[in-house]
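Each remark here refers to the structure printed beneath this line.
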There are 2 protein chains.
Amino acid sequence: MRVLIVEDDDILRDGLKVGLALAGFTTDAVATRESAEAALAAGSFDAVVLDLMLPDGSGTDVLKKLRDARNDTPVLLLTARDTVADRVSGLDMGADDYLGKPFDLDEVAARLRALARRSAGRSTALIEWATIRLDPARQSVEKAGTPVRLSRREYAVLHALMSQPGAIFSKATLEDKLYGWQEEVESNAVEVHIHHLRNKLGPGLIETVRGIGYRLGGDS
Amino acid sequence: MRVLIVEDDDILRDGLKVGLALAGFTTDAVATRESAEAALAAGSFDAVVLDLMLPDGSGTDVLKKLRDARNDTPVLLLTARDTVADRVSGLDMGADDYLGKPFDLDEVAARLRALARRSAGRSTALIEWATIRLDPARQSVEKAGTPVRLSRREYAVLHALMSQPGAIFSKATLEDKLYGWQEEVESNAVEVHIHHLRNKLGPGLIETVRGIGYRLGGDS
DNA sequence: GCGCTACCTTAAGGCTGCCTTAAGGGACGT
DNA sequence: ACGTCCCTTAAGGCAGCCTTAAGGTAGCGC
């Protein structure tokens with residue numbers, strides 16, 4: 001947990017630095033807007049404690065430049081001007097939290113922990129096989145980077161196959177994944193969907209294991 | 001943006017409900033710990049406003065049970081006991097923000113917006129996609145720089161879609177975000193709103209994924 | 001090589017789900 | 001109280017998907 005402190009008042013800055021260090025944070029502290037932007041451009045921080053009143057500009061400029069650079073680091077604003085309007089505008093400007101002076105060190109630390117906790121852990125579970133990429137969250141499929149439009153059944157078949165790459169799925173198993181118990185099907189529907197998938201994704205991806213079923217094949 | 005309000009004081013609860021509705025949130029309000037836990041187990045909310053003092057238990061119990069269930073919904077604590085120790089313990093218990101009474105409705109709304117956008121993985125207040133720009137704070141929308149007048153429902157649908165660009169939202173999911181529990185709808189209202197949005201924002205923005213739902217499409 | 005079986009391919013029909021339009025009612029402001 | 005806007009509901013039409021079915025093709029045993 002590395003935190004950048006931007007605060008021009010020497011006493012406050014040192015207090016924050018010591019207090020947050022005690023709370024287990026690694027801290028870097030700067031006093032001006034310019035050095036703040038330099039630090040943010042140079043290093044990567046897990047959070048920023050940002051005073052709004054700086055000698056060479058406003059903290060909002062720092063915040064705006066940070067967001068414009070597509071930097072998502074959580075920012076906790078700190079300010080003496082503590083009206084509701086200030087808070088609202090600060091938050092809507094892209095800050096994640098707002099504290100008015102005087103503040104309590106323990107609370108600053110607690111709010112930083114909350115911000116860090118929230119910003120951590122955002123993972124997407126993509127399934128990849130050969131040049132095919134399947135995104136379960138978006139129910140979308142790409143082949144070598146270009147999106148492929150699949151119908152619902154086609155997607156369901158592919159999703160089943162890719163859920164266990166290399167494993168063999170019988171037609172009966174695939175039907176179970178495609179249809180509810182009430183809508184049993186008596187035809188070669190699965191074969192047709194496989195055929196459509198091969199048309200859209202190219203040959204060699206879906207292998208036929210004669211007499212048993214289908215599986216992802218070719219290379220890995 | 002659907003928000004659960006947990007507050008036992010009738011006047012405060014109604015005030016929150018009205019105020020947040022004005023700020024563009026869809027709200028459900030409950031007064032007890034038990035009904036709060038039931039609501040959280042049943043529905044999916046984008047955020048929770050949680051009073052700590054409830055007649056049949058503490059809000060911390062609700063929060064703890066929520067986190068134990070691996071539910072990451074952002075929680076904004078609300079309380080009369082406003083000491084630093086309370087705030088710290090609340091935040092460290094898994095809350096994402098903390099406001100002491102008396103609070104300002106605008107600030108509650110602003111903090112909820114901040115929580116929601118951070119929870120969605122965004123850092124900037126404005127959401128942009130293709131030529132569309134949406135400002136959650138002002139509930140305004142622009143297409144290629146020129147403002148577009150959207151009704152409340154239309155805005156809500158668009159906001160939901162833009163909160164996760166590219167992700168697919170089923171009609172059921174969109175209804176969840178548009179309507180509270182008491183105002184369930186049994187019709188094709190969502191389809192009609194989508195249609196109106198397409199008229200106002202141009203074709204190609206909202207894609208239909210047949211049998212699954214809608215999403216923002218085309219380019220980025 | 002022959003026949004059998006399992007699978008592939010193609011096309012057509014039915015059906016589900018979505019789009020579009022329009023009308024009625026309710027909320028809100030004037 | 002009236003007008004306006006918006007929201008919901010409902011019905012008709014259309015498009016795309018899914019299934020079915022029939023004929024063709026490749027593997028396998030004899």
Side-chain angles (χ1 to χ4, degrees), chain A residues 139 141 148-161 168-180 182-217, chain B residues 17-19 21-22 24 26 139-141 147-161 168-217:
Chain A
Q139 303 207 34
V141 174
V148 178
R149 274 188 67 93
L150 296 185
S151 75
R152 187 167 39 159
R153 301 292 198 202
E154 289 160 6
Y155 174 84
V157 171
L158 183 64
H159 182 65
L161 290 175
I168 301 179
F169 293 82
S170 70
K171 269 186 287 192
T173 305
L174 289 176
E175 282 175 5
D176 279 355
K177 292 193 180 298
L178 287 189
Y179 307 99
Q182 308 162 19
E183 36 176 347
E184 278 307 315
V185 70
E186 191 62 36
S187 81
N188 59 351
V190 170
E191 293 175 13
V192 177
H193 293 311
I194 292 278
H195 177 229
H196 290 152
L197 278 175
R198 282 173 172 155
N199 281 345
K200 292 184 178 178
L201 300 176
L205 177 73
I206 301 177
E207 275 184 1
T208 302
V209 184
R210 190 181 170 81
I212 302 181
Y214 301 92
R215 71 169 168 193
L216 294 189
Chain B
K17 196 165 167 55
V18 172
L22 220 66
T26 302
Q139 300 189 54
S140 67
V141 175
V148 178
R149 258 187 72 92
L150 295 185
S151 73
R152 194 174 37 165
R153 300 294 196 200
E154 289 161 5
Y155 172 83
V157 171
L158 184 64
H159 184 211
L161 290 175
I168 300 180
F169 293 83
S170 71
K171 270 184 289 192
T173 305
L174 290 175
E175 283 174 4
D176 276 355
K177 291 194 182 296
L178 288 188
Y179 306 98
W181 279 118
Q182 305 160 20
E183 37 175 351
E184 276 307 316
V185 69
E186 190 63 36
S187 81
N188 58 353
V190 171
E191 293 176 14
V192 177
H193 294 311
I194 292 277
H195 179 227
H196 290 152
L197 279 174
R198 282 174 172 154
N199 282 345
K200 292 184 178 177
L201 301 176
L205 177 72
I206 301 177
E207 273 185 4
T208 301
V209 185
R210 190 184 169 83
I212 302 179
Y214 301 92
R215 71 169 160 201
L216 294 190

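Chain identifiers are assigned alphabetically (A, B, ...) following the order of the sequence lines, protein sequences preceding nucleic acid strands; residue numbering begins at 1 within each chain.
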For [N], take OP1 and OP2 only and decide whether either is under 4.0 Å from a side-chain N or O of [X].
| X | N | value |
| --- | --- | --- |
| A:T208 | C:dA6 | no |
| A:H195 | C:dT9 | yes |
| A:K171 | C:dA6 | no |
| A:H193 | D:dT19 | yes |

Q. Checking A:Q139 side chain against A:R152 main chain: does a donor-acceptor pair fall under 3.5 Å?
A.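 No, the answer is negative, given that no donor and acceptor are paired below the 3.5 Å cut-off.
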Q) Does B:I206 offer a backbone N or O that forms a donor-acceptor pair with the side chain of B:R198 under 3.5 Å? A)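 Yes.
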Find the distance [X]:[atom1] to [N]:[atom2] and express it as a whole number of Å.
| X | N | atom1 | atom2 | result |
| --- | --- | --- | --- | --- |
| B:I206 | C:dT20 | CD1 | C1' | 15 Å |
| A:L150 | D:dC17 | CG | P | 10 Å |
| B:L174 | C:dG17 | CG | P | 17 Å |
| A:Y155 | D:dC17 | OH | C1' | 18 Å |
| B:L197 | C:dC18 | CG | C1' | 16 Å |
| A:H196 | C:dC8 | NE2 | C1' | 11 Å |
| B:L22 | C:dC28 | CG | P | 10 Å |
| B:E191 | D:dC7 | CD | C1' | 15 Å |

Q: First locate atom CG of B:L178, then atom CD of B:E154, and finally report the distance between them rounded to the nearest 0.5 Å.
A: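 Interatomic distance, B:L178 CG to B:E154 CD, rounded to 0.5 Å: 11.0 Å.
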Q) Atom NZ of B:K200 and atom CG of B:L158: how far apart are they, to the nearest 0.5 Å? A)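 If we round to the nearest 0.5 Å, B:K200:NZ and B:L158:CG are 11.0 Å apart.
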Q. Which sits closer to the 5' end of DNA chain C, B:I194 or B:R210, going by the nucleotide each is nearest to?
A.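 Closer to the 5' end of DNA chain C: B:R210.
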Q | Most 5' of A:V209 and B:Y214 on DNA chain C, judged by nearest nucleotide | A |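 The residue mapped nearer the 5' terminus is A:V209.
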Q: Inspect the surroundings of CZ in A:R149 and state if more than 12 heavy atoms from other residues, nucleotides or ligands are less than 6.0 Å away.
A: no
For [X], which contact category applies under a 4.0 Å heavy-atom criterion: base, sugar-phosphate, or nothing?
| X | value |
| --- | --- |
| B:R149 | sugar-phosphate |
| B:S187 | base |
| B:R153 | sugar-phosphate |

Quick one: which of [options] gets closest to the side chain of [X]?
| X | options | answer |
| --- | --- | --- |
| A:V192 | D:dG27, C:dT10, D:dC7 | C:dT10 |
| B:R152 | C:dC18, D:dC7, D:dC18 | D:dC7 |
| A:S151 | C:dC7, D:dC17, D:dT19 | D:dC17 |

(Q) Would you call the rings of B:H193 and B:H196 parallel, tilted or perpendicular, taking 30° and 60° as the class edges? (A) perpendicular
Q: Report yes if a donor N or O on one partner sits less than 3.5 Å from an acceptor N or O on the other, where the partners are the side chain of A:N188 and the base of C:dT9; otherwise report no.
A: yes
